[in-house]
Amino acid sequence: GRRPDAGALCSKILYADPAYRDDGLGDAVFHDPDQTNLESYRSGLRLVREAAGKDVYILGCNTAQNYRTLGASFGLVDGMRVGQDIGVKWNQILNCATLGTRLYFLHNRVWHNDADCLMLRDPLTLVQARTWGTWIGLSGQLNIVSEWLPDLAAEKLDIVRRTMPNHGLDARPVDLLDEPLARVWHLADHRGSRHRDVVGLFNWSNKEATVSVDCAKLGLDPKAAYHGFDYWNDRFLDPVSGKIEAVLPPYGCADIALVPADDVPRVLGTSRHVSQGAVDLENESWDPAGMTLGATSKVVANDPYQIRVVFPVGRTLESVALVNGGDATIAIEQQEPRRARVTILSPRTGPLQWTATFK
């Protein structure tokens, strides 16, 4: 990506800040006296866009006073840095998360928001790295990694694996107007006939906190029960209703997938990505005549891929099978009342169709 130079605005270049500071806008004298600063800027950027071509991705970088270049770039760039410069300090991450949250409505509508890159290295803790990675992965904003990957600890490198690729959906900060920095994000995957909701709960502070959200604010039935899966803690949650809640450590987060606890077997989530199925699960369906649950999963070579399945009381998962597995394997790893884990291991990357038979 290339960053449109704020100097093309012909005003003093000042670091992005919500507070007003005089940048001399209007002082410049142009060859065309009928052109304003913004028109001049757009004229130059339009030339860059035309010269680059439609198949070139242009990532802008908003650095001019009061976001003048941000607004002036509408329609001419593919992505835009909406955050300040990041670093391995928690306060710098908070600044980027704040601006990415405030401007979330531009993402996938005007361009792709870039709140700045995924930071993972020390002195960031594993908890902090997971929280920042989960925010990027669930919000769907640009995920650009600025790390020397060979030096990362295995658990931090795994955050890169679990937050890429981008899910391409429109997540939203539920408590945007209630908190200085939204603590609840909602990713609704309602493509096809099977719906799945993923809730991100974030504790941005340095103290333990309880973070919660009413189901009604997520568009869910407050009287219905929902199965849940806590992604980073790798555990099923007992069916909940009315409110989703988690006690979070300092700087911690919870990534919870939700599906209705009804009379139909369902995929609650998968292990590949923090979106718990949005990037890798397709064509999920239930056949009541054959008592089979089926779907297609996009697996990664040699990465154990776990499917978390929930089902009504009185049913058990009898068998699982791959329709086009080749030399991949699929097995029931764990089964409890109302829930089970199924693992696929494939030597190749690509889509695999599977079925699960119940009795």
Side-chain angles (χ1 to χ4, degrees), residues 1-87 89 91-119 132 135-136 139-146 166 168-173 176-177 180-182:
R2 301 293 298 171
R3 49 186 292 173
D5 188 353
L9 194 64
C10 296
S11 64
K12 185 178 180 181
I13 301 176
L14 297 173
Y15 194 72
D17 195 306
Y20 178 77
R21 295 163 295 165
D22 185 16
D23 61 357
L25 187 74
D27 292 347
V29 178
F30 297 103
H31 173 72
D32 181 352
D34 294 327
Q35 251 190 3
T36 67
N37 293 68
L38 295 184
E39 288 173 326
S40 176
Y41 172 83
R42 284 187 64 81
S43 177
L45 185 54
R46 189 177 293 111
L47 179 61
V48 173
R49 175 80 275 175
E50 292 171 356
K54 294 182 179 179
D55 59 342
V56 173
Y57 191 101
I58 298 179
L59 175 60
C61 192
N62 165 43
T63 57
Q65 166 67 26
N66 284 349
Y67 304 104
R68 298 192 201 277
T69 52
L70 183 145
S73 301
F74 277 29
L76 296 174
V77 297
D78 302 287
M80 175 61 82
R81 258 285 303 281
V82 297
Q84 297 182 0
D85 289 337
I86 202 169
K89 295 181 179 178
N91 283 342
Q92 290 176 289
I93 288 176
L94 289 180
N95 287 338
C96 295
T98 297
L99 292 168
T101 299
R102 290 177 182 174
L103 298 174
Y104 87 97
F105 55 89
L106 298 175
H107 181 63
N108 282 346
R109 296 173 177 86
V110 175
W111 48 46
H112 299 136
N113 274 0
D114 172 16
D116 215 352
C117 53
L118 174 61
M119 303 296 290
W132 181 225
W135 184 91
I136 293 173
S139 74
Q141 301 187 37
L142 282 186
N143 192 352
I144 303 171
V145 183
S146 182
N166 193 292
L169 301 174
D170 297 322
R172 67 183 180 95
L176 174 64
L177 302 179
L181 175 54

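Residues take their numbers from the sequence shown, with the count starting at 1. Note that the structure is a prediction, hence the values are computed from the model and not measured.
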For [X] against [Y], the heavy-atom pair lying closest together:
| X | Y | result |
| --- | --- | --- |
| T69 | S73 | O-OG, 2.5 Å |
| W132 | C117 | NE1-O, 3.0 Å |
| G168 | N108 | O-ND2, 3.5 Å |
| N113 | V82 | OD1-CG1, 3.6 Å |

Does any N or O in the side chain of [X] come within less than 3.5 Å of the main-chain N or O of [Y], such that one atom is a donor and the other an acceptor?
| X | Y | answer |
| --- | --- | --- |
| Q141 | G100 | yes |
| D116 | C96 | no |
| R81 | Q84 | yes |

Taking side chain as C-beta onward, heavy atoms only, is [X] less than 4.5 Å from [Y]?
| X | Y | result |
| --- | --- | --- |
| W135 | I93 | no |
| Y104 | L106 | no |
| D170 | R109 | yes |
| N166 | N143 | no |

Worksheet item: Per the side chain to side chain contact (heavy atoms under 4.5 Å, CB included) rule, which among L59, D78, I136 passes with L142?
Response: L59

Discussion item. Consider side chain to side chain contact (heavy atoms under 4.5 Å, CB included). Of D23, L25, D27, which one does N37 pass it with?
Written reply: L25

Worksheet entry | Set of ring pair (Phe, Tyr, Trp, His ring centres under 6.0 Å) partners for F74, sequence neighbours left out | W111

Fill in: salt bridge (Lys or Arg N to Asp or Glu O under 4.0 Å) pairs, two or more places apart, involving residues 36-45
none

How many angstroms lie between atom [atom1] of [X] and atom [atom2] of [Y], to the nearest 0.5 angstrom?
| X | Y | atom1 | atom2 | result |
| --- | --- | --- | --- | --- |
| L181 | R102 | CG | CZ | 8.5 Å |
| L38 | S43 | CG | OG | 12.5 Å |
| R68 | L9 | CZ | CG | 7.0 Å |
| M80 | H112 | CE | NE2 | 13.5 Å |
| L118 | I86 | CG | CD1 | 8.0 Å |

Fill in: Under the salt bridge (Lys or Arg N to Asp or Glu O under 4.0 Å) test, residues paired with D114 that sit two or more places apart
none

